[in-house]
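For reference, the structure is listed below as structure tokens.
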Number of protein chains: 2
Amino acid sequence: MPPRTPLDADAVLAATEDILRRHGPDKATVVDVARALGVSHAAVYKHFASKQALREAVTRRWLDRNRDTLAGIAADRAVPPAQRLRSWLHAVLTVKQAKIREDPELFAAYGILAAAHSSVATGHVADLLGQLTAIIADGAADGTFRTDDAAATARVVFTATARFHHVAHAAEWQNPGIEDELDEVCSLLLEGLQNN
Amino acid sequence: MPPRTPLDADAVLAATEDILRRHGPDKATVVDVARALGVSHAAVYKHFASKQALREAVTRRWLDRNRDTLAGIAADRAVPPAQRLRSWLHAVLTVKQAKIREDPELFAAYGILAAAHSSVATGHVADLLGQLTAIIADGAADGTFRTDDAAATARVVFTATARFHHVAHAAEWQNPGIEDELDEVCSLLLEGLQNN
DNA sequence: TAGGTAACAGGTGTCAAACTTTGTAACCTG
DNA sequence: CAGGTTACAAAGTTTGACACCTGTTACCTA
């Protein structure tokens, strides 16, 4: 018996997210998801090629939910580039702290994908790098920053702040002084970046 | 029958290191170590309070083997502080790359201790931070670097270069461009550090 | 008495059998 | 014919009996 409302990819994603949250990334099965939807597990495979693909789609959606917040900060020309760089790096940390606090299960799922060099993780990094490049390009254009390759400089800044956004350091984001540490790293990087 | 040469802590450490290398950190048992020494496993417990303590002692010894190389670079007043900072950071990376290549089993054992916040790991970090502080203090003294707290600045530099020495990033140390990346991060940090 | 032994309780790891899960295939149905 | 079904093989996971390891104790001996 087909369900009254036909199954769509979005409903599958929502149900998977829920199951992932309740069972954890290791115990969430496709059968569980199907059961939650009142459907056979084969139906789920009509919408997603594999369990891996389903997981990636859920994680991508979850990562994308805060993209606009960060993109907004990166693109806000009203704030001078140096201060914008600082705020943006803080925002990245804050967003990730919130994610780990609110959704430890989904965060763990993201960690697994990142470790497996999944395109979701590299895509997320590319997205953040793009935003950072935009901030630095703005700073280069208005003379605040000294650089002749905004993308390369963005990569360097991103590497130097790995402790504050790389999943491998997630445990350290709970440390009480972490924001101050980021502030200090920002200050040193800005000294290096700015004309003076 | 007691052995001809009485067992001492050092012989136990050497045997443990050997077993660790041959069996890997997960399969190396205290019984294996005792067997290699021709002794009962209880004898090993006369010298080390627990398997954990034995492991930590082995790791500490292994970490200490390259300490002098790095300490030598850090203390070499013949090299100007800026260049010394750069060489030292490269040396830390090189030493760790060599360790992971030559002794993956012992490196894995170190990774486990680091994750468990063992005093061996924190001690190792404190040691490196001390060396870095010395370089920066030298730079502050001769006017190369602008800082009023060498230890704090050392912490910031260490944090900003986490990707090149923190165990969590060990997999990335195999990347071909990693040295160039470190070079670029160094350059930016030195710009920020130096008077100009 | 420092440094060894043998024996043991309790915890952890291993292995094969039984069960789940994944992914596919062949088949319905509005 | 898109979107569902049941049935199934292959791969992965759980289970439970059993072996092995850790850490301790009581004891031996140069």
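Every chain is numbered from 1, with letters handed out A, B, ... down the list of sequences. Heavy-atom basis, side chains included; hydrogens, waters and symmetry copies ignored.
- In this entry the distance linking NE2 of A:H47 with C1' of C:dT22 reads 17 Å, nearest Å.
- When each of A:H41 and B:A49 is assigned the nucleotide of DNA chain D bearing its nearest heavy atom, the one mapping closer to the 5' terminus is A:H41.
- For B:A42, counting side-chain heavy atoms from C-beta on, the closest listed nucleotide (D:dT24, D:dT5, C:dG4) is D:dT24.
- Within 6.0 Å of the CZ atom in B:R77, the count of heavy atoms belonging to other residues, nucleotides or ligands does not exceed 12.
- The main-chain N or O of B:C186 is never found under 3.5 Å from a side-chain atom of B:R86 such that the two would form a donor-acceptor pair.
- Within the structure, a side-chain polar atom (N or O) of A:S40 is placed less than 4.0 Å from OP1 or OP2 of D:dT5.
- Applying side-chain contact (heavy atoms from CB on, under 4.5 Å) to A:V185 and the options A:T161, A:L190, A:V157 leaves one that passes, A:T161.
- Rounded to whole angstrom, the span from the NZ atom of B:K46 across to the P atom of D:dT24 amounts to 12 Å.
- In this structure, a donor-acceptor pair under 3.5 Å is absent between the side chains of B:R55 and B:T16.
- Using the six-membered ring where Trp is involved, B:F158 and B:W88 have ring planes that are tilted, between 30° and 60° apart.
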* Apply side chain to side chain contact (heavy atoms under 4.5 Å, CB included) to the pair B:E179 and B:L182, showing each step before the final yes or no. => CA-CA 5 Å; B:E179 264 97 1; B:L182 174 53; 5.6 Å; no

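- For the segment residues 14-33 of chain B, the set of residues with a heavy atom within less than 4.0 Å of an atom of DNA chain C comprises B:K27, in numerical order.
- Against DNA chain C, the stretch residues 50-58 of chain A makes heavy-atom approaches under 4.0 Å through A:S50, A:K51.
- Protein atom OH of A:Y45 is 18 Å distant from nucleotide atom C1' of C:dA26, rounded to whole Å.
- No side-chain N or O of A:T69 forms a donor-acceptor pair with one of A:N66 less than 3.5 Å apart.
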* Between A:D183 and A:H90, does a side chain to side chain contact (heavy atoms under 4.5 Å, CB included) hold up when you go through it step by step? -> CA-CA 8 Å; A:D183 247 354; A:H90 274 279; 3.0 Å; yes

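- Rounded to whole Å, the distance from CZ on A:R35 to P on D:dT6 is 14 Å.
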